[in-house]
Amino acid sequence: APDVSGAAERQLIGVQMNLALVAQKQSDLARARWLLEGALEYYRRVGDQRMVGIALSNLGSVALDAEDLTASLGYLQEARRISEECGDQL
């Protein structure tokens with residue numbers, strides 16, 4: 001991976017989140033999950049709880065599309081908890 005500044009890295013992760021949505025729409029659920037897991041790891045590392053919640057919500061949607069109801073429920077429950085802590089509504 002290229003060495004990038006914090007702002008550039010954040011932009012790249014944003015692009016990664018968008019690419020995950022494209023992959024999900026194309027039914028490439030494995031790629032969508034992989035991209036979202038990478039974004040989730042980044043947002044957790046930098047402490048951006050709001051974006052952690054969004055990434056978890058998106059992972060829940062991908063898991064639901066993959067008919068993995070257990071994983072979907074886990075992601076969505078964690079996303080809801082984080083959302084409530086942040087005062088957001090996902």
Side-chain angles (χ1 to χ4, degrees):
D3 185 22
V4 294
S5 72
E9 184 177 18
R10 180 171 285 279
Q11 287 180 323
L12 286 173
I13 296 298
V15 170
Q16 187 170 319
M17 290 274 286
N18 289 329
L19 287 172
L21 296 176
V22 171
Q24 182 180 10
K25 286 193 177 292
Q26 294 175 340
S27 298
D28 189 349
L29 302 179
R31 181 178 302 272
R33 183 175 180 167
W34 178 77
L35 289 164
L36 289 167
E37 286 173 346
L40 176 61
E41 180 181 315
Y42 168 80
Y43 290 126
R44 281 191 167 142
R45 180 170 46 87
V46 299
D48 188 336
Q49 285 298 96
R50 182 175 174 278
M51 291 306 297
V52 166
I54 291 170
L56 286 165
S57 181
N58 290 347
L59 278 163
S61 177
V62 169
L64 185 61
D65 284 355
E67 299 180 1
D68 186 346
L69 302 182
T70 302
S72 180
L73 183 61
Y75 287 130
L76 294 173
Q77 285 176 332
E78 187 177 355
R80 180 178 178 189
R81 180 187 57 76
I82 290 170
S83 174
E84 289 172 351
E85 288 173 2
C86 292
D88 287 342
Q89 291 184 338
L90 293 176

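The minimum heavy-atom distance linking G53 with A79 is given by the pair O-CB, 3.5 Å. The shortest heavy-atom contact between A20 and A32 is O-CB, 3.4 Å. Pairing each heavy atom of A39 with each of Q16, the nearest pair is N-NE2, 3.3 Å.
Hydrophobic clustering, defined by side-chain heavy atoms of Ile, Leu, Val, Met, Phe, Trp and Tyr closer than 4.5 Å, groups L64 together with L69.
Residues N58 and Q24 fail the side-chain proximity criterion, which asks for heavy atoms closer than 4.5 Å.
Expressed to the nearest 0.5 Å, how far CZ of R50 lies from CD1 of I82 amounts to 12.5 Å. Here CG of N18 is found 11.5 Å from CD1 of I13. Values are rounded to the nearest 0.5 Å. Taking CD of Q77 as the reference point, atom OG of S72 lies at 9.5 Å (rounded to 0.5 Å). The OG atom of S83 sits 11.5 Å away from the CG atom of L76 when rounded to the nearest 0.5 Å. Here the CZ atom belonging to R81 is positioned 7.5 Å from the CD atom belonging to Q49, to the nearest 0.5 angstrom.
For R10, the salt bridge (charged side-chain N to carboxylate O under 4.0 Å, His left out) criterion is met by D48, not counting sequence neighbours. For L40, the side chain to side chain contact (heavy atoms under 4.5 Å, CB included) criterion is met by R44, V52, A55, L56, L59, not counting sequence neighbours. Applying the side chain to side chain contact (heavy atoms under 4.5 Å, CB included) test to L19 and every residue at least two apart in sequence or in another chain returns V15, L35. Among residues two or more places apart in sequence or in another chain, the salt bridge (charged side-chain N to carboxylate O under 4.0 Å, His left out) test is passed with D28 by R31. Qualifying salt bridge (charged side-chain N to carboxylate O under 4.0 Å, His left out) partners for E37, counting only residues two or more places apart in sequence or in other chains: R33.
Linking Ile, Leu, Val, Met, Phe, Trp and Tyr residues whenever their side-chain heavy atoms come within less than 4.5 Å places L29 and Y75 in a single cluster. If you chain together hydrophobic residues whose side chains sit under 4.5 Å apart, M51 and V46 fall into the same group.
We find that R45 and E41 are not joined by a salt bridge, their nearest charged nitrogen and carboxylate oxygen being 4.0 Å or further apart.
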